[in-house]
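Accompanying notes for the structure given below.
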Amino acid sequence: MFLDYLVLGASAVEPKFNSGDIAATLIIFLALMVLLKKFAWGPLMGIMQQREELVASEIEAAEKARKDSHQYLEEQKSLLKEARTEAQSIVEGAKKQGELQKEEILTTARNEANRLKESAVREIENEKEKAIAAVREEVVSLSVLAASKVLSKEISEADNRALIEETIAKAGEAQ
């Protein structure tokens, strides 16, 4: 009938209410719906369910990775803070050790300088005593020489005075 309508045109055929066509159309529509549900909607919904699960698992993994990275960042900050504290204590220890070594070196240098000074003073005293002893020996020998000259000849008081002055002058030159 529908074909007649198409072939003959709208004015030639008068539309009739045909329940057979409606029933056939309804059956075909329901069969098509069952086939679509079984072959199209079922797999499509399965794919959509898998995609939803995949997205949910990726979101969970991303959230876990974010938490892990945040925890790792906090651990790194803590380790960095610890390393800075340790480095600062090492530097402070090195400064203290340097100060102790500095004081030790200064004390050793002062002690060595004092020892050298005392040694030089002792050496000067020894040399001074040796020089005094040498001068005494020279004075004694000059006195003996003067006495021998005096005894060998008779001299006047002026000659005696001149002899003493000459002896003292010779003693002064020997020093």
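- The side chain to side chain donor-acceptor pair (under 3.5 Å) check on Q50 picks up nothing, with sequence neighbours excluded.
- To the nearest 0.5 angstrom, N111 atom CG is 11.0 Å from L116 atom CG.
- Note on V121 and I132: separate hydrophobic clusters, where clusters join Ile, Leu, Val, Met, Phe, Trp and Tyr whose side-chain heavy atoms are under 4.5 Å apart, directly or indirectly.
- There is no path of hydrophobic side-chain contacts, each under 4.5 Å, that joins W41 to L35.
- Under the side chain to side chain contact (heavy atoms under 4.5 Å, CB included) criterion, R115 pairs with E112, not counting sequence neighbours.
- Among pairs with a residue in residues 88-102, none fulfils side-chain hydrogen bond (donor to acceptor under 3.5 Å, both in side chains), at least two apart in sequence or across chains.
- Partners of K77 according to the salt bridge (Lys or Arg N to Asp or Glu O under 4.0 Å) rule, which considers only residues two or more places apart in sequence or in another chain, do not exist here.
- Expressed to the nearest 0.5 Å, how far CE of M33 lies from CG of L26 amounts to 11.5 Å.
- The list of side-chain hydrogen bond (donor to acceptor under 3.5 Å, both in side chains) pairs with a residue in residues 26-40, not counting sequence neighbours, is empty.
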Could you go through E63 and R66, starting from their C-alpha distance and side-chain angles, then the distance that decides it, and tell me whether this counts as side-chain contact (heavy atoms from CB on, under 4.5 Å)? CA-CA 5 Å; E63 184 65 26; R66 186 190 67 77; 2.7 Å; yes

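- Contact detail for T25 and D21: the closest heavy-atom pair is OG1-O, 2.6 Å.
- Side chains of E104 and L100 form no contact here, defined as non-hydrogen atoms less than 4.5 Å apart.
- Between the OG atom in S69 and the CD atom in E74 there is a gap of 10.5 Å [rounded to 0.5 Å].
- Every residue two or more places apart in sequence or in another chain that forms a side chain to side chain contact (heavy atoms under 4.5 Å, CB included) with Q49 is listed here: E52, E53.
- A distance of 11.0 Å separates OG1 of T85 from CD1 of I90, quoted to the nearest 0.5 Å.
- Residue E86 places its CD atom among 12 or fewer non-hydrogen atoms of other residues, nucleotides or ligands, all under 6.0 Å distant.
- Separating the CG atom in L44 from the CZ atom in R51 is a distance of 13.5 Å, to the nearest 0.5 Å.
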